[in-house]
Amino acid sequence: MNYLRPPLKLRKKGPHKRIKKIWSNEMFHKKIKKKIAVKPNLIPILDAVFIFIFFLLMSAQFIKIYEIGSDAPAVSLVDTKKNDKNPLNLILQIKEEEIVITSGLENNVVTQVKKIDGKYDLETLREHLVKIKQNHIDEESIILRPVSSVGYKELVLIMDAVRKLENDSIMVEGKSASGEVVKTTKLFEQIIFETMI
Amino acid sequence: MRSKTFGKVRKKVGVLDLDITSLLDILVILLVFLLQSFNSSDLDVNFVEDLILPNSNSKDYGHHSVIVQVNKDKRIWVDNQEIGKIQNLEMEIPELLGALKAKKGESDAKLSPEDAQKASNHKINVLIDESLKYENVRQIMHTAAMAGFPAFKFIVKSNDE
């Protein structure tokens with residue numbers, strides 16, 4: 001601590017008063033450090049976000065569309081391997097008032113699913129198809145034979161019902177031709193419309 | 001010697017500091033929204049007028065190929081070009097048959113002879129209005145099969161919307 005003379009301006013005039021003020025070196029050489037907030041550089045992030053947005057805008061689809069596949073019978077993917085067992089030959093005859101499920105080469109009627117309140121009973125249809133699938137777990141194809149007056153909207157709902165189970169957590173279990181136990185949520189995904197060609 | 005700048009007050013030009021936090025906020029929200037509607041399939045459809053697709057639970061993504069659209073007035077478009085209308089209940093639609101044969105010729109020219117033989121390379125995306133009957137659907141499918149497109153992909157709308 002040094003006793004130094006205060007600056008000229010601070011010296012009081014008039015009756016002499018000894019200013020006893022301790023001036024220290026630190027007061028003259030003190031640097032007040034201001035804390036400057038460090039701002040992160042957002043420009044690279046902004047650049048990346050802009051590029052992402054352009055890319056996603058080009059590929060955005062605001063109406064979600066999917067596909068349901070089908071084949072003409074002339075080039076169907078039905079398994080044509082020679083088998084001792086009779087082929088399943090599962091056919092869905094979609095009539096105006098009901099759906100008739102037939103199978104086998106002689107088109108034996110398995111069951112008939114009537115309409116309820118003017119709509120096809122898809123739940124009952126699915127239950128019957130699940131039972132058939134359990135006994136023929138390897139079979140993937142189904143033939144649809146709708147009448148001309150069936151609406152396309154209803155036809156799509158029926159195609160949904162025959163392709164897959166509604167709830168993915170429930171599985172169909174059955175024994176394959178090789179003896180393995182197979183679990184699947186798929187029913188009959190290969191849809192073939194009869195009499196195309 | 002006196003300094004030339006003695007007495008002059010120099011103003012320091014400060015850098016204009018833009019606050020882009022709010023802009024970045026908006027862009028991130030836009031990014032999240034667009035991520036949600038991101039489509040990983042290569043199928044790009046320009047819907048024609050008066051065409052409402054049926055709803056479906058299907059989750060299979062479509063793929064790029066020839067697109068046939070039929071609206072509620074039975075007007076037909078092939079790859080966004082209107083080619084005619086379903087006039088009657090004849091199994092073959094002549095205008096559609098001609099247009100699809102031309103498309104098949106164009107696509108086969110790009111494929112090798114072996115690939116051109118494969119049916120899997122001759123797919124057709126079919127967008128049909130939900131109000132039409134099966135008889136019209138059958139006409140479209142029959143004509144497409146005669147033109148050399150035996151694999152049909154019915155394009156449907158998701159039930160999730």
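The structure presented is a predicted model; accordingly, all values stated were derived computationally and were not measured. Letters go in sequence order (proteins before strands), and every chain restarts at 1.
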To the nearest 0.5 angstrom, please state how far the CZ atom of A/Phe52 sits from the CG atom of B/Leu30. 13.5 Å
From the list A/Ile53, A/Val156, A/Leu46, the residue making the most non-hydrogen contacts under 4.5 Å with chain B is A/Ile53
If two hydrophobic side chains count as joined below 4.5 Å and joins carry through other members, does A/Val49 share a cluster with B/Leu35? yes
State, with a plain yes or no, whether a side-chain heavy atom of A/Ser149 is found less than 4.5 Å away from one of B/Tyr134. no
Indicate if B/Ile26 and A/Phe54 have the same hydrophobic cluster label, given that clusters are the connected sets of ILVMFWY residues with side-chain heavy-atom separations under 4.5 angstrom. no
Side chain, backbone, both or neither: which part of A/Leu57 has a heavy atom under 4.5 Å from chain B? both
Quick check on B/Leu127 against chain A: is it the side chain, the backbone, both or neither that has a heavy atom closer than 4.5 Å? neither
Please examine the side chains of B/Arg138 and A/Ser148, heavy atoms only from C-beta on, and report whether any two atoms are closer than 4.5 Å. yes
Rounded distance (nearest 0.5 Å) linking atom CG of A/Leu56 with atom OG of B/Ser37: 7.5 Å
Neighbour count above 12 (heavy atom, 6.0 Å) for A/Lys153 NZ: no
Return the set of residues passing side-chain contact (heavy atoms from CB on, under 4.5 Å) with A/Lys119 (not counting sequence neighbours), or none when no residue passes. none
Could you measure the distance from the CE atom of B/Met141 to the OG atom of A/Ser70? Nearest 0.5 Å is fine. 6.0 Å
Student check: side-chain heavy atoms of B/Lys133 and A/Tyr152 closer than 4.5 Å: no
pair A/Glu67-B/Asn125: side-chain heavy atoms closer than 4.5 Å: yes
What parts of residues 108-118 of chain A touch chain B if we use heavy atoms and a cut-off under 4.5 Å? none
Is chain A contacted by the side chain of B/Asn136, its backbone, both, or neither, given a heavy-atom distance below 4.5 Å? neither
Does the side chain of A/Phe193 come within less than 4.5 Å of B/Phe152's, by heavy atoms? no
Heavy atoms only: give me the nearest A/Phe50-B/Leu27 pair and the separation to one decimal. CE1-CD1, 3.8 Å
If contact means a heavy atom pair closer than 4.5 Å, which residues of residues 94-102 of chain B contact chain A? none
Between CD1 of A/Ile68 and NZ of B/Lys153, what distance do you get to the nearest 0.5 Å? 11.0 Å
Among A/Leu157, A/Val150, A/Val147, the residue with the most heavy-atom pairs under 4.5 Å to chain B is A/Val150
Would you please go through residues 45-67 of chain B and name the residues with a non-hydrogen atom below 4.5 Å from one of chain A, in numerical order? B/Val45, B/Phe47, B/Leu53, B/Pro54, B/Asn55, B/Ser56, B/Asn57, B/Ser58, B/Lys59, B/Asp60, B/Tyr61, B/Gly62, B/His63
